[in-house]
Structures are given as structure tokens and as C-alpha cells.
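The structure appears below as C-alpha cells.
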Amino acid sequence: MATNLAPELDRFLSENNDRIHDELFEFLRIPSVSARSEHRQDTMRAAEWLAARMRDIGLTTEIVPTEGHPIVIGEWRKAGTEAPTVLIYGHYDVQPAEPLELWESPPFEPTVRRGRIYARGAVDDKGQLYLHVKALEAHLRTRGTLPINVIVLAEGEEEVGSPNLASFIEDHAKRLACDAVVISDSSMFAPGLPSILSSLRGLAYVQIDVQGPAVDLHSGSYGGAVINPATALARIIATFHDDQYRVAIPGFYDKVRDWPDDARSRIRALPFEETKFAEEVGAPALGGEAGRTTLERIWTRPTCEINGLLSGYTGEGAKTVLPAAAMAKVSCRLVPDQDPDEIATLVRAHVERVAPAGVSVTVRALHGGRPWRADLKGPLYDAARRALATAFEHEPVIVGEGGSIPVVGDFERILGAPVLLVGFGLPGENAHAPNEWMSDENFVKGTRAIASLWDELRG
Ligand code: BES
Ligand code: ZN
């Protein structure tokens, strides 16, 4: 099935390999941390840098301001109306680098060690976004043309929940009209195993606040006579699961569609070792919903997870206090056809029902995103299979994902185009953590895979 990458693309990418890396490193040196106001200028600088590199290769560019960080658009539409139009999405912002003392080399000084490019944003998502730009360059420089029309849409707010992206897509749906959306912001299942993503979980994120007495009280003078908000919160969240680790919130599973049998057997066929996975996470044992394998639990089943708890005295030593308040951050990961707003409503109703008397409880929805599942059929997916097999000399596997990219559902809904998620990260890449890295081999092969994808798609 694997054909070869066109020789001129192959030669161009080999001959320019050093320069392409130098450019990527320049990109990685810009600390475009979207969450931090002190990096506002840096984030803008990353947007300008990216736009300039797209202009260098012949794209027309625009930096669109938003209420937050700008959206960068690059366009090339000279392939004609009979050629497909592809929208490439990625993000140029990165997560904060802290804690800095845990980095072996500085987060914004890219360093290559043992075939890995270490830097904040190396894999999430600057490396994966930039390889798309370089794949376009290979076509444009060697042939003076592209087999497809292209819109590159790079945002600077993915790591803070993309607050301005859906409305931008709605408002510019005509300009962004396309036949396919392609995203590289995910990982391969294992080294050497190119992977096409078939699903993402959705998200419903809520905050629970429990208020007791007006102020902290002496736990001796008042304890036993006033309901403790921390105990009340513990009792509430203890009702979220039954003893089989199923979510016990009424109505939670009502809209869950069972995973198709062929998809479940596909998951079982993947080379996955529970013991190795357990070692990687370093927990005493794995656990979750009864009757499901680890990959099924992560990819195909919804969850309700406590992400944070806050109450009372947590400093050094002991302090006898009955806290005035307690707080929990809770996120539910969702699968088709669960709806983030409906799930947040169910959680709120459940919490209000089980909340003990003597405290007041509020539940606030923070943000959400829809789950997504690909149908994996059609020319886009066929082209991707061929392109990945070419570049990696291995047939791609179909994988799921437990994380969320909320905009994927928005693209499909608003633009009506199929979305292809093909990522080049690897397990253990430390995205969002100290010592983030991207495999250099995957950067190089990923560029080639994407370069050949455009030829395959045109046919
Ligand atoms: N790149 C990730 C999403 C992702 C994670 C894709 C793992 C594939 C594998 C993205 O940057 C992310 O972290 N998303 C958030 C979404 C949330 C903030 C709305 C997530 O999944 O928690
Ligand atoms: Zn990302």
C-alpha cells in the first residue's frame, strides 16, 4: 500500500532539514504562555513570527485580533475550484512551564537529547503545527504550487479553553468553508506506529462550593453542633460513584451510546500492556469501572473525576478549626451522545438532592466541550492511511483518546466538513509537564507524511 514520497519533496526536506530545525527552535524560544498576562507580548510575537514564516513560503496572512490572543490565518487558494480545500488547525500558545526547577534544560531553550527535542510546546503544539507549514513549503518551493487549497488557522488560546474560537468560526464560516479539517495535536499509540484518532471525549467542568458558618470556628467550642462543610462536601462527592466505580448520578448514562463491536475489537487488538501502563503511572494498582479494560475505560466510557479539593487548614502541623467553607473542582469526561450542558445540569440536581441540611451548596458550570467520534470513511481517511504508511513504513492504527479538543465538534458542526486527527506525539512526551519533548524522528516523518497527504488527497 505504501508508495514513495515524491522525490522532489523528499530531496527538499532532506536538504533543508537543518534550516527547518533552526526555524522550529526559533519558534520554541518564544514563551507564548497564553494563561499569563506577563507573556501577552510574547504570545503576540509568536503570532507575528508564525505569520511571517507563512508569508515567506507564499501564503497570504492575516493576524485577527480577538478579546484574548490573536488568531493567525494563512491562505493559499490557487489550486482551483476542482481541488479540495483543507483547513489546517493548530495552536501557537503553550502551557506555563512551572515548576521550572524540574526541567533538565530551560523550557524556552530547545535542546536535543537522545533524539528528542526538549522545550515547552515542542509537541503541544508548536512542533506539530510547524511541520504542517514546512510540508506546504516543500510543495510550494519545489513545484511552485499545491495540489489543494489551504487555510491554516492557528489560535493562541487553546491552552486556556479556546474562549474566542467557536464564535470566530461561526462569524467566518463562509471564509473557512472547506472539504476537510486536519489537526496534529495528539499522539501516536507507540513509537513507529502511526495513528489516526477515532474519538475524543467531551468535558463538563463544574465547581462545587459548600458554605457553612460565616467564619472558621474553633473545632472544640463549636464542633459537633455545627455541620462541617468539609464533611458535607466529602459526603456529597462520595455519592458520585457506586462500589463498581460506575457514576451514580441519576441520568448520567442515559445518552451514552454503546461503542460499536468492531471498534471494541479494534481496541483489544492494539499492542497494550496493562502492567507497563501501571508502571508508567506509578500508582499502586489500576482501577475503574467494572467490566472494562483500561483502554475502554479511558477511550469509550464517561467519567466523573475530582480535579481539586480545598477546605480548612492544610499547613504545617495541626490547627483545630471547623472550616467555614469547602470547594471541589469536578470534571466529567463525556462520550457520544452526552451533552456537556445536560451533564452539568444533572450534576447540579444530584448535588442539591444529596447535600446535607445545615450547609448551603452551589454548583457552577465552568466550561465544556462535546465528545467526538469519527466515521473513518471517505477519501480523507483513505488518503491519510496511505500517507502515514508511506512516511512511517507501517500501516496506521486507529486509536481513541481520553482527552478533549472541544473545537473539533465545532468544526464539524459549523463547517460541515470531516475532521482528521493525525498526531505525532508519543506516550510519555510530558505535554503540560516539565521536560516536554517531541521525537525528532516523528517531527521529520510527520512532515513527510503531511507532505504526501496532500498528493494522496488530490489523487
Ligand atoms: N492537546 C491536548 C488535547 C489532547 C490531549 C489530545 C491528549 C490528544 C491527547 C489539549 O491541549 C488539552 O490539553 N485539552 C484539554 C481541553 C480542555 C482545557 C478544554 C483537556 O483535554 O483537558
Ligand atoms: Zn494542545
Side-chain angles (χ1 to χ4, degrees), residues 27-28 32-35 43 46 68-69 88-97 119-132 153-166 181-190 194-207 280-281 295 298-299 302-308 329-335 340-341 343-344 365-374 397-411 419-433 436-438 442 446:
F27 195 18
L28 293 172
S32 46
V33 182
S34 51
T43 308
H69 302 294
I88 298 164
Y89 163 83
H91 61 96
Y92 66 83
D93 65 323
V94 301
Q95 286 271 325
R120 169 57 83 233
V123 71
D124 184 10
D125 178 39
K126 284 175 173 171
Q128 301 205 60
L129 170 59
Y130 204 57
L131 69 83
H132 275 270
L153 191 171
E155 73 156 320
E157 300 189 296
E158 196 273 347
E159 299 294 5
V160 291
S162 306
N164 296 296
L165 191 56
V181 176
V182 178
I183 303 176
S184 298
D185 189 18
S186 55
S187 296
M188 309 201 316
F189 190 72
S195 308
I196 294 173
L197 210 54
S198 65
S199 63
L200 291 161
R201 289 196 291 191
L203 192 69
Y205 204 119
V206 303
Q207 177 170 330
E280 259 168 44
V281 296
L295 286 182
I298 300 173
W299 293 352
T303 63
C304 180
E305 293 286 337
I306 312 301
N307 294 150
K329 307 257 187 193
V330 179
S331 68
C332 300
R333 295 283 171 172
L334 312 178
V335 302
D341 296 333
I343 292 296
L366 297 188
H367 61 67
R370 278 170 204 287
W372 171 81
R373 196 149 83 197
V397 290
I398 304 293
V399 298
E401 174 53 51
S404 311
I405 308 179
V407 71
V408 170
D410 296 326
F411 278 132
V419 183
L420 168 71
L421 281 134
V422 50
F424 303 105
L426 280 179
E429 68 200 3
N430 295 325
H432 298 202
E436 176 179 350
W437 53 271
M438 176 162 190
N442 281 14

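For ligands, and for the atoms within them, numbers begin at 1 and follow the listed sequence.
- Ring geometry for Y89 against F411 counts as perpendicular: the plane angle is over 60°, on a 0 to 90° scale with 30° as the lower cut.
- Partners of H69 under the side-chain hydrogen bond (donor to acceptor under 3.5 Å, both in side chains) rule, at least two apart in sequence or in another chain, do not exist in this structure.
- Rounded to 10°, the angle formed at the Zn ion (ligand 2) by OD1 of D185 and NE2 of H91 is 90°.
- Between the side chains of S187 and E429, at least one donor-acceptor pair of N or O atoms lies under 3.5 Å.
- A donor atom on one side chain and an acceptor atom on the other are not found under 3.5 Å apart for H91 and E157.
- Qualifying side-chain hydrogen bond (donor to acceptor under 3.5 Å, both in side chains) partners for S195, counting only residues two or more places apart in sequence or in other chains: none.
- In summary, the side chains of D124 and Q95 do not present any donor paired with an acceptor at a separation below 3.5 Å, with no hydrogens or angles considered.
- Protein residues with any heavy atom under 4.0 Å from ligand 1: D124, E158, E159, D185, S186, L203, R333, H367, E401, G403, S404, I405, P406, H432.
- Qualifying salt bridge (Lys or Arg N to Asp or Glu O under 4.0 Å) partners for E436, counting only residues two or more places apart in sequence or in other chains: R120.
- Of all N, O or S atoms in D124, the one lying closest to the Zn ion (ligand 2) is OD1.
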